[in-house]
Amino acid sequence: MRTEKTACILCSRNCGLTVEIEDGKFGRIRGDDDHPVSKGYICQKAARLTHYQQHDDRLQFPLQRQPDGSFQRVSWDVALDDIAARLLAIRDQHGGHAFASVGGGGQGNHLAGAYSGQLRAAMKSRYIYSALAQEKTGDFWLNGRFFGSQTCHTTEDVEHADYVLFIGTNPFQAHGIPNARDTLRELRKDPARTMVVIDPRRSETAKVADIHLQLRPGTDAFLMSAMLAIIVREDLHDRDFLAQHCDGFEAVEQMLVTIPVAEYAQRCDVPLADIERVARGFATAESACVRIDLGLQHTLHTTLNGYLEKLLYLITGNFGKRGGNNLHTFLMPILGDTDERKGKFTRTRHHKMFPISGLFPPNILPDEILQPGEDRIRAVFVDSANPIVSYPDTAAYERAFAQLELLVVVDVAMTETARLAHYVLPAASQFEKWEATGFNLEFPENAFHLRHPLFASLGEALPEPEIYTRLLEKMGANPRQFPVLSRIARHEPAFSGHWGYMMALAAALSRKRGWMAFAPSILYRTLGPTLVADGVPGDAAAAALLLPLAIQYAQKHERAMRRAGYTGLAKLLGPVLFRAILKQREGVVLSRHEYSEVWSLLKHADRRIRLEIPEMLAEWQALASEATPGSEYPFVLMAGERRSYNANQIYRDPAWRKIDPHGAMRMHPEDAAELSLAEGAAAVCESDTGRIAVVIEHDDAVRRGTVTLPHGYGMRYRGSAPIGPELNRLTRSDHCDPLTRTPYHKHVPVRVLAAG
Ligand SMILES: Nc1nc2c(c(=O)[nH]1)N[C@H]1C(S)=C(S)[C@@H](COP(=O)(O)OP(=O)(O)OC[C@H]3O[C@@H](n4cnc5c(=O)[nH]c(N)nc54)[C@H](O)[C@@H]3O)O[C@H]1N2
Ligand SMILES: Nc1nc2c(c(=O)[nH]1)N[C@H]1C(S)=C(S)[C@@H](COP(=O)(O)OP(=O)(O)OC[C@H]3O[C@@H](n4cnc5c(=O)[nH]c(N)nc54)[C@H](O)[C@@H]3O)O[C@H]1N2
Ligand code: SF4
Ligand SMILES: [Mo]
């Protein structure tokens, strides 16, 4: 038996783990006290990671689909030669817009994203569709406008805030904030601090909150408008902060004087006095922050909700300070900036949709494939995503993927999407390779954790960096050999911190500009083999691309890095960080900023925040005349609740769940009584798009007229019938935010009937 350090890969927190390993299997799994962020914390889901690592749907060999639909094992060379040839033929005949990649990292694996970007470059395509663009792109778009770049990403200092607003998020189950349950307990225990939850359901977080506003689903824009209006009318906004740091408050103020506060309160079905109490409490607290998630982002007015949420902390001056909302640094650039006001970016051919942070929304992909004519997407490369189950309108995805000339899926498991692919390529699991996430989203102290492999790869599975590099070489996109770079990498003395290598790389890339797009694989093939970890040269090759990222980080954040303990010559600080990342098995603190330094992360040249966003002001104004949404469907379904035993599509083996095997539909007991649906009754849930079987659970925490179903079910383990609700058979592609096309998954009109 041996003990190793790694991290949980089930949610964006990536808590550090100490794991026992015996006979090539996980033994006991505990929180790692040495992890710089989670400090020993874990939740109940991590202890069962063995169900991710070992199950009957794991892929071991490259597979090729046969005409009869069965799969046959082929060698890597056969698979990659044919994929390369078919990709090139499609590109040369139809152009880059005929290709899209999908996915690119779940909750624990983002290292591969840099390598898959190279495939798009080789295909001359800009299209990447990802899960982030079905939840967070509204937020990114707003950040671009407020702060000057879609790469400016905000965080919330819940641990230090005196007043916390959780709007549309349930951190007790979903986490999303550091050590969620401990952090909530601290908040609850301290009588001087206040926790408010705004959620139509009395969620597990609402149950431990000081105040719960149980609003009508989809009415957050009205509620936040009322709060903002109350704050400004009572003169509780921070005039000094606004004058010193913000432009455009006048436009916001003009809107706020028109808000019919009492009417809006009625609209959300929350007593006006409660809204006033929260507005005043938030605005007058010493420090306050807002934490939001899918309850705002997957419901009506998605992007406007984000605008109002950000105004709440900005007009009260709760930004750039302890206990407020802040910007943070990134080591890996997981977000781009494609703000259309800065340049022309490729739009999609059918919907003419623009990218946000470089990403395109899954809602429109089936149309982009199915549209008639020359301009359609013909080849799709899926990595680390399961669109058939996770993206809106499963039936539309099935139709679209069946039309493709080439569908390739890279996954650790035989998924519902993989079953439709021409080629299925087995990836090494996240515990069989070097991996990391780009979800290091903290401020003022930020951290990064590179994980090392714990097990040998299963069968012939390969890490993605190797898969992409081989494929690109077969496509002739990047040369196989760089003798000069390789020689320098091999012979440079350790004390130089790869300085000579980086100079030579920079010189090579400036001589041959076309190579720039393939820098990750060049680093992988040249510097990679020299990186010695665990005494095995080349073992950590996939991490080679972190060297230039560490150098960039040091150039941007030298002072904050020195505060975190990195020493030496400025030009060697990047390589020092790189070495630390490779060596420290529990992760490293990257940098320690001061709160006041948040302004240096803002991207408008004058470091001021722009509050006036015309698109949002127009939508805000339109709220007043918006009709109450009526529907022939009596229930609002929240399609995708986070519970104790779901974790996206990461666990496939149903044995991992201790409770809730059916992923039951939660319904208020009085609604259930009216429909004569007993606890445990079989029922059918029907939307305008599809119908699925569900099992009823009575729960008086849900509002009457709403029902909930969990996300993360509906998989066909070992080819079985779907286990639990196939949620996205109910969701519709065009039921979405008009600007960003993120889906209204929390607001799906449905009816529920007794089965049979
Ligand atoms: N256990 C578990 N944890 C997870 C995941 C998982 O699958 N399982 N997935 C991870 C991922 S990818 C994500 S993105 C996060 C998501 O994390 P969260 O967004 O926090 O989780 P959800 O349960 O989807 O939704 C949060 C809350 O929104 C509420 N809500 C629904 N409609 C509305 C509305 O109209 N207004 C308001 N104000 N609230 C509303 C719901 O009742 C729910 O309590 O969770 C992460 N953590
Ligand atoms: N109706 C509805 N739909 C939703 C949601 C909802 O609330 N309601 N939530 C949405 C949200 S917030 C999200 S984030 C998405 C998540 O949905 P997806 O983007 O599909 O991502 P995951 O479920 O995280 O995992 C996808 C795949 O990654 C594979 N995988 C795991 N490890 C590796 C690896 O190392 N390499 C490779 N190549 N593959 C690996 C897993 O086997 C799995 O098949 O779902 C979205 N869909
Ligand atoms: S699922 Fe739990 S243990 Fe795993 S990263 Fe998220 S909070 Fe941590
Ligand atoms: Mo997500």
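Order of appearance sets the numbers: ligands from 1, and atoms from 1 within every ligand.
Judged by the 6.0 Å distance and 45° axis criteria, R181 is positioned over the aromatic ring of F172.
Taking the six-membered ring where the residue is Trp, H747 and H735 present tilted rings, their angle falling between 30° and 60°. Under the 30°/60° scheme for interplanar angles, the aromatic rings of Y129 and F360 are found to be tilted.
Shown in contact with G218 at under 4.0 Å from a heavy atom are these atoms of ligand 1, numbered in order with element: 34 (C), 35 (O). Taking a cut-off of under 4.0 Å to the non-hydrogen atoms of P217, the atoms of ligand 1 that pass are 35 (O). Interface atoms of ligand 3 facing L10, defined by a heavy-atom separation under 4.0 Å, are 1 (S).
For the 3.5 Å distance criterion, the side chains of R451 and Q430 qualify, holding a donor opposite an acceptor. A donor-acceptor pair shorter than 3.5 Å cannot be found between the side chains of T394 and N728.
Ligand 1 is never approached by G176 to a heavy-atom distance shorter than 4.0 Å. The shell of residues lying under 4.0 angstrom from ligand 1, judged by heavy atoms, excludes H175.
By the 3.5 Å distance cut-off applied to N or O atoms, L215 is not counted among the residues near ligand 1. Distances between N or O atoms of L294 and those of ligand 1 include at least one value under 3.5 Å. Checked by distance only, ligand 1 and N646 come closer than 3.5 Å through their nitrogen or oxygen atoms. Taking distance alone, with nitrogen or oxygen atoms compared against 3.5 Å, R642 approaches ligand 1 more closely than that limit. Ligand 1 has an N or O atom lying under 3.5 Å from an N or O atom of G640, backbone or side chain. Inclusion of T169 in the set of residues having an N or O under 3.5 Å from an N or O of ligand 1 is warranted. Considering backbone and side-chain atoms alike, I167 places every N or O at 3.5 Å or more from each N or O of ligand 1. For H711, no nitrogen or oxygen atom sits less than 3.5 Å from a nitrogen or oxygen atom of ligand 1, counting backbone and side chain alike. Considering backbone and side-chain atoms together, K136 places no N or O closer than 3.5 Å to any N or O of ligand 1.
The backbone N or O of T155 lies less than 3.5 Å from no partner atom in the side chain of N326, so there is not a single donor-acceptor pair. Without hydrogens or angle criteria, T299 side chain to K746 main chain gives no donor-acceptor distance under 3.5 Å.
In summary, C11 places an N/O/S atom under 2.8 Å from atom 6 (Fe) of ligand 3, meeting the contact criterion.
Neither the backbone nor the side chain of I9 comes within 4.0 Å of ligand 3, counting heavy atoms alone. Only backbone heavy atoms of A647 (N, CA, C or O) come within less than 4.0 Å of ligand 1; its side chain stays farther off.
For F455 and F26, the gap between ring centers is short of 6.0 Å.
Under a cut-off of 6.0 angstrom, the local environment of NZ in K207 is crowded, with over 12 non-hydrogen atoms contributed by other residues, nucleotides or ligands.
Remark: minimum distance from atom 3 (S) of ligand 3 to any protein heavy atom is reached at C43 N, 3.4 Å. What sits closest to atom 4 (Fe) of ligand 3 on the protein, heavy atoms only, is C8 SG, 2.3 Å.
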Can you list the steps and then say if E416 with E726 is a side-chain contact (heavy atoms from CB on, under 4.5 Å)? CA-CA 11 Å; E416 294 61 31; E726 284 186 287; over 6 Å; no
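Taking 4.0 Å as the cut-off between side-chain N and carboxylate O, R201 and D699 count as a salt-bridged pair.
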